[in-house]
Structures are given as structure tokens and as C-alpha cells.
Number of protein chains: 2
Amino acid sequence: MPKQASITIDKRIAELLKRNSLSITDSRKKILQLFLEQTGALAHGDIEKRAGEKFDRVTVYRTLQTFVDKGIVHTIPTADNSIRYALCKDECSEGHHHDHHVHFVCSTCNNTYCLDDVVTPEIKLPKGYSAEQVEVVVEGTCKNCNR
Amino acid sequence: MPKQASITIDKRIAELLKRNSLSITDSRKKILQLFLEQTGALAHGDIEKRAGEKFDRVTVYRTLQTFVDKGIVHTIPTADNSIRYALCKDECSEGHHHDHHVHFVCSTCNNTYCLDDVVTPEIKLPKGYSAEQVEVVVEGTCKNCNR
DNA sequence: TTTCTTTTGCAACTATGTTGCTTTTTTATA
DNA sequence: TATAAAAAAGCAACATAGTTGCAAAAGAAA
Ligand SMILES: [Mn+2]
Ligand SMILES: [Mn+2]
Ligand SMILES: [Zn+2]
Ligand SMILES: [Zn+2]
């Protein structure tokens, strides 16, 4: 990786942590780096594998929980019951996620993507039901795998 | 329970198993009964608690897996990463689920419902992506809890 | 009833997630 | 930059969830 790029990413990471009044620690930096170097979402298992050699499992759990609490990442429910995490857009903040986008799981490459431009549709519910949150997960074949 | 009703339910259970060429065993009968006596979906934990005193944990896992494979029940992904199971409509069959309905999780009573009449919407995906399955899970307050 | 097939229970194991407590690191401030 | 207070990390121990192989039991077929 060119030196310039890694400086930029390091700054971005430090800023992100400061903005959320989190202290800057090795594990937080490392895990954020994984997200920033990546297009799609990461399963907990991936993160543990890729950060866990250097950090304790418990630290990975606590770091991800902190990030979710602060609105830095959000979770994506999937059919196979393995939580995925993805970076939030900047509008998210502590206790206030704004993730009204659709998620896509590719059944070929198994990657998960946030389709930030695809807004979750209005769902007309039966009388008596009221909605707080709508989660849409589409399974199919992604851009790369369709070629 | 009136004797008549339980005869009916027993017959229904036996028929369901026969139709799917599954042998009729105590655990399968018991677990199907749980589903038939119930409006909403059941979490694995619930089933284990309510059937597990009589049956081994492993049997519960295997029975549910068999039911999913045969298209007797379907799974519902939820945000809290605890798989829920619900009975399929009759159109489902082995290797061929037809569950194009929306699921609803009540954040008050924590029940999960299949909204069989609410069809999953068409999602317009970005160029290159193709959909095979769309999962919609709405979180909110249910009919009962809204009163 | 007997035989063959399927399912169950058990034991042992892996994976996933949590908690309390001590040590280490980070931050704030003198 | 040294020091003290606060926060986070690591460790151990535990709890829960899910899987696998195999022998015993139950079900289906004849
Ligand atoms: Mn997302
Ligand atoms: Mn359903
Ligand atoms: Zn793909
Ligand atoms: Zn409710």
C-alpha cells in the first residue's frame, strides 16, 4: 500500500474515534481498518480471524459492541444466522441509526453489501400493527458474480 | 382441550408427516403440535424448552432441520440473531419454499408473526445485481400490544 | 412377528458469546 | 514530560448453541 494512502486512512480512523469520544486503541484502529479496506460487510468470524491473532476474542466482541452502540457500524441480519457488520454512513450517531437501505447477500461469493442507494420500501401492514423498523435482505447474485 | 379437537389435530399431524414421507415419531408429533397450537413463530429455545424435557436437544435440532428441508416449516431471520421457525403454508414442498410474505417481530411482547397476506415488495436493484429471494422483517408493535 | 430402515439418545466435541477481575494502556492535567 | 485517574485489554472461567459418530430403540414394510 502506498504510504500516502495509509496516512489518509489512519487519519480517518483517528478522526472517527475522536468524533465518537472513544479512546484510540490498537484494537479499535485495527478493526476499523478492516472495515475501511473493504467494500462489503464483515461477519463476526471474519473479524475475529483477521484481527484475533493479535487481539483477544473478548476484545473483538467488546469493540464491535462499542461500535454498534456509537453508531459507527450496524448489524445485518441474515438467514444463516451469522451476524454481519458494516460501516454506517456519517448520519448515524449514538443511539440513532439511520439505516434505511437494503442489504444484499450474494449466494455465490457469500459477500454482503449495503445497497446505500436502495431505500427500504414502505410496507402496508394489517390494521393494528405499527412499524418502527423495516429490514430488507435480498439474496441473489452480485455484480461481480453475474459477469 | 376437548377430545374432538385433539383428534382433529392428531390427524392433521399424521397426515402432514405422511404427505412428506416422514415416519411418525413422538418427537415429530410433539414439535408439530407446538406449532399447530400456536399463532406466531417459535424460537429454537422455546421449542427446546417445551419439547426438550421429553426429548434430547440433538433430536430437536434434527427434527427442525428435517422440517425445514421438507418445506414444513420455514426460518425467519431476526435482528437479535435467534432463528425463529414457523409453519409453512401448504404450497411449500421439499426444496421449494414459497414464502413471499412479510414477517413481523413485536418489540413489546417479542412474538414473531407471519403476515401471510402482506406480500414482499419488488426491490429495484442496481445494475448487475439479481435477486433470488427477498426477506422483509418489520419490527414494531403488534395488534395485541397496540390496544 | 420378523427383518430392514430410520430415528433417537448419549457422549464428546467445537463454536459462540458472556462475566468478573487484574493488568496494561490511554488520556487528562499538573 | 511525569503522574494520577479512567478506560480498555487480557485472562480465566463459565454459559449457551450447535455438530458428529455411534450404539440402542422405535418405526415401517412384508
Ligand atoms: Mn447497511
Ligand atoms: Mn412466515
Ligand atoms: Zn457475489
Ligand atoms: Zn406484541
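Order of the sequence lines fixes the chain letters, A, B, ..., with proteins taken first and strands second; residue numbering starts at 1 for each chain.
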> Base, sugar-phosphate, or nothing: which does A:S27 touch, judged by heavy atoms less than 4.0 Å apart?
Replying inline: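 Contact class for A:S27: sugar-phosphate only.
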> Any link between A:I13 and A:F35 through a network of hydrophobic side chains (Ile, Leu, Val, Met, Phe, Trp, Tyr) touching at under 4.5 Å?
Replying inline: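 Yes, A:I13 and A:F35 fall within the same hydrophobic cluster.
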Could you tell me how far apart [X] ([atom1]) and [N] ([atom2]) are, to the nearest whole angstrom?
X     : N      : atom1 : atom2 : answer
A:N20 : D:dA7  : CG    : C1'   : 16 Å
B:I24 : D:dA25 : CD1   : P     : 23 Å
A:R28 : D:dA9  : CZ    : C1'   : 10 Å
B:F55 : D:dA26 : CZ    : P     : 12 Å
B:E53 : C:dG9  : CD    : C1'   : 17 Å
B:K30 : D:dA26 : NZ    : C1'   : 19 Å
B:D56 : D:dC22 : CG    : P     : 18 Å
B:K70 : C:dT6  : NZ    : C1'   : 12 Å

> In terms of the angle between their ring planes, are B:Y113 and B:F104 parallel, tilted or perpendicular, with boundaries placed at 30° and 60°?
Replying inline: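 Judged by the thresholds at 30° and 60°, the geometry between B:Y113 and B:F104 is tilted.
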Can you tell me if [X] touches the phosphate of [N], counting only side-chain N or O atoms and a distance under 4.0 Å to OP1 or OP2?
X     : N     : answer
A:T25 : D:dA7 : no
A:S23 : D:dA7 : no
B:T59 : C:dG9 : yes

> Which of these, B:H103, B:E139, B:R84, sits in a side-chain hydrogen bond (donor to acceptor under 3.5 Å, both in side chains) with B:T112?
Replying inline: B:R84
> Of A:V58 and B:D26, whose closest DNA chain D nucleotide lies nearer the 5' terminus?
Replying inline: A:V58
> Donor-acceptor pair, A:N111 side chain versus A:C106 backbone, under 3.5 Å?
Replying inline: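 Between the backbone of A:C106 and the side chain of A:N111 there is no qualifying donor-acceptor contact (under 3.5 Å).
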> So with a 6.0 Å cut-off around CD of B:E132, is the heavy-atom count from everything else above 12?
Replying inline: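 More than 12 within 6.0 Å, yes.
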> When the nearest nucleotide of DNA chain C is assigned to A:H44 and to A:R62 on a heavy-atom basis, which residue is associated with the more 5' position?
Replying inline: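 The answer here is A:H44.
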> Quick one: the side chain of A:R57 and the base of C:dG17, do they pair up donor-acceptor inside 3.5 Å?
Replying inline: yes
